Amino acid sequence: MNRFSRHFRPKLYPRGWLLYRPFSTSSNNPHLHHQTSKPSPNQLVDSFTRLCLHGPLADALAVLDSLESRSLHAADPVDYLHLIKLCISAGDADAGRLVHRHLASGGRFPMLFLSNSLLGMYVRFGLVQDAWKLFDGLPQRNVVSWTTMISALIDLELKKDALELFAFMLRDGIRPNMFTFSSVLRGCDSLRTLKAVHCCVFNHGFNTDVFVRSSLIDVYFSNGDSESGYLVFDEMSTWDPVVWNSVIGGFAQFGHGCKALELFRRMKRAGFLAEQATLTSALRACTGMVYLEMGQQIHVHVLKYETDLILNNALLDLYCKSGTLEEAESIFQRMPEKDVISWSTMISGLAQSGRGLEALKLFKLMKAQGPKPNYITIVGVLFACSHAGLVEDGRYYFRSMKQLFDIEPGSEHYGCMVDLLGRAGKLDEALKLIHEMKLKPDAIIWRTLLGACRVHKNPTLAEYVADEILKLEPGDEGCYILLSNIYADAKQWSDVAQVRNVMRGRGIRKEPGRSWMELGKETHVFIAGDFSHPQMEGIKLELERLIRRTSDLGYAPDTDYVLHDLGREQKEESLWYHGEKMAIAFGMMNSTQGKPIRIMKNLRICGDCHAFAKLVSRTEGKMIVIRDPVRFHHFCEGTCSCGDYW
DNA sequence: TTAGGGTTAG
């Protein structure tokens, strides 16, 4: 929220309300009468032209002052245009206002292109009230005046007002151009509005303009309609890198990493040079799918942009999210410029890999010599405390975040605190915190507490919590699954059956657990109980070998992690074929000396697989990295970086 | 004189 938007709400009036209002003059200003020498009028006008073009601004203003005191004007109105540009490049809003006053005085109203230029200047300086006053008083306006104001309102997140202004513009009979549409589109925050504006784009024949198309693509994606976004891209061949990047960025941002990378390859095949923005999107796509090797290939292209901050941040995130912390730390050290995102990414990265103490140490360094922490930084800090079991540190930062960093705790911060207290077994305190929240607790927060109820085996509280979740999100499959797990832990089989019945009755199905890993250019996916992998026979043999080896070290299947009321042998067998275990066996079969096995999961890792992975890392002398949706587990020499606390 | 694409959490 910009400082202007708090105080400024434009009022829009119907057509015909505008009346010419003369601007106040500033001819009484004593500062404008200090000229001592008396150059000839021609000399003054000539030097004004020269100074407006090349500066310095102060001299140009002094001559403007002399011109005004002698009732002279520039030879060419374009001189004033140059002067306004000079004010903009000097960042001098007061000088701009002075020029405005000069143009408005002397009975000569500025020409429209000069008014528009002044409008643009005010907008650029964030002085929207000044811009609005000027716009309001203009005797006539053209498409540029309207577009400038519409765009300014959108920048202030006043999208509704911007669209209203657009409607008034059309009602005034002003024909929008491609500039207007690329702005107006950014103001569409619902699919309905977007489709209406899209029709308007067609009717005015601007659907081929690259600026308009990239805005259309971008806004379709951000309104959740990636299909229409792709259609806009695909309906004609595109020779503009930004349009390519809009669609690649859209897919990368909204969870279709494969599609984004496919388009990235198509773009390169079409002969385009991938520049910073495209490479950043491609990296984001790799990060989303934890395609480390693909990301490393892109890293090579990034080298020539090694000083680009955003690109480095994306790279940092890739290495953090793929659990390659050494590489991330090395990039972080080398980055010539670091912003709050760089620091926050690194802090969260350390936290997710179980290095909570180091994350807090880095946060202390950030406080001493880095940028001011923001909302997300504190989420990372609390996450670090929660996953490292640092209850007191977490309490301290949560209590003092407002005072120390002027950040109000938001639902994510509460979520971390509930997680922190819940993990530490302080379920009552976590519940009390939720009840005391100023905000309305969302389903995520309740789900966090439900997770803690499972770890600390509390079916009574779990029932209450599940009830709260289902009030908010009646179709939440995760809630049913967790509740049934909690009942299964407590061996309350009739309750398990009841939950399953309700699920069946409501048509709710469990999302299957998937584990996957990259091997060369392929991704291998493993789902519990699914034996369709072409190398399944080998995987079964390898798994049996690993189970034999780990049994010697005391591995015994922990059947608490099986949901159903099966016999012991059946339970053990269903544990053997969890996706993680099949992926570990497959990873061992195809492993390269010295390289860790990297596995990704769509659900949290189960306790039995966690114990198994620890032992395999010891018997086989192999590092295993498993990423679940929340954090990393680095298994090495029989222990895990999470310290069995997750 | 007005317009488009990239990075951090859960």
Side-chain angles (χ1 to χ4, degrees), chain A residues 78 80-81 84-85 88 110-121 123-124 142-152 154 176-186 206 209-219 221 240-250 252-253 274-285 287 305 308-318 320-321 339-349 351-352 373-384 386 410-416 418-419 442-445 447-448 629-631:
Chain A
V78 175
Y80 293 117
L81 196 67
I84 295 168
K85 280 188 182 168
I88 294 174
M111 299 163 108
L112 187 53
F113 79 95
L114 289 178
S115 316
N116 287 340
S117 177
L118 286 168
L119 260 185
M121 176 195 74
V123 168
R124 192 89 64 102
N142 64 4
V143 61
V144 177
S145 337
W146 286 94
T147 303
T148 306
M149 280 319 294
I150 290 171
S151 178
I154 293 171
N177 63 14
M178 60 278 245
F179 290 82
T180 322
F181 280 117
S182 19
S183 295
V184 169
L185 283 166
R186 283 193 299 125
F206 289 116
D209 180 82
V210 285
F211 279 76
V212 174
R213 280 177 70 205
S214 59
S215 291
L216 271 169
I217 294 170
D218 200 40
V219 183
F221 272 99
D240 181 85
V242 178
V243 174
W244 274 100
N245 199 47
S246 297
V247 73
I248 294 173
Q253 205 176 337
E275 289 181 353
Q276 288 100 315
T278 317
L279 290 167
T280 307
S281 295
L283 280 174
R284 182 172 183 169
T287 308
Y305 302 115
D308 188 291
L309 174 66
I310 301 179
L311 198 39
N312 274 324
N313 283 343
L315 210 48
L316 190 62
D317 193 38
L318 168 80
C320 282
K321 293 255 170 57
D339 66 358
V340 64
I341 296 182
S342 330
W343 287 87
S344 308
T345 307
M346 198 64 234
I347 289 170
S348 299
Q352 284 167 343
N374 69 10
Y375 188 98
I376 295 175
T377 320
I378 307 300
V379 174
V381 169
L382 295 178
F383 185 92
S386 143
S411 66
E412 292 84 355
H413 302 112
Y414 277 100
C416 287
V418 169
D419 195 36
D442 56 23
I444 299 173
I445 291 181
R447 237 183 333 256
T448 308
V630 180
R631 63 166 299 154

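We use all heavy atoms of the structure for the numbers below, so side chains are in, but hydrogens, waters and symmetry mates are not. A quick note: this is a predicted structure, and the numbers were derived from the prediction, not measured.
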Report yes if some heavy atom in the side chain of A/N313 is under 4.5 Å from a heavy atom in the side chain of A/L309; otherwise report no.
yes
Enter the distance from A/T280:OG1 to A/E275:CD here, rounded to the nearest 0.5 Å.
11.0 Å
Could you walk me through whether A/S411 and A/I444 pass side-chain contact (heavy atoms from CB on, under 4.5 Å), step by step?
CA-CA 9 Å; A/S411 66; A/I444 299 173; over 6 Å; no
So NZ of A/K85 and CG of A/L81: to nearest 0.5 Å the spacing works out to 5.5 Å
Please examine the side chains of A/P176 and A/F181, heavy atoms only from C-beta on, and report whether any two atoms are closer than 4.5 Å.
yes
Which nucleotides of nucleotides 3-10 of chain B have their base under 4.0 Å from a protein heavy atom (B), which only their sugar-phosphate (S), and which neither (-), written as one string 5' to 3'?
BBBBBBBB
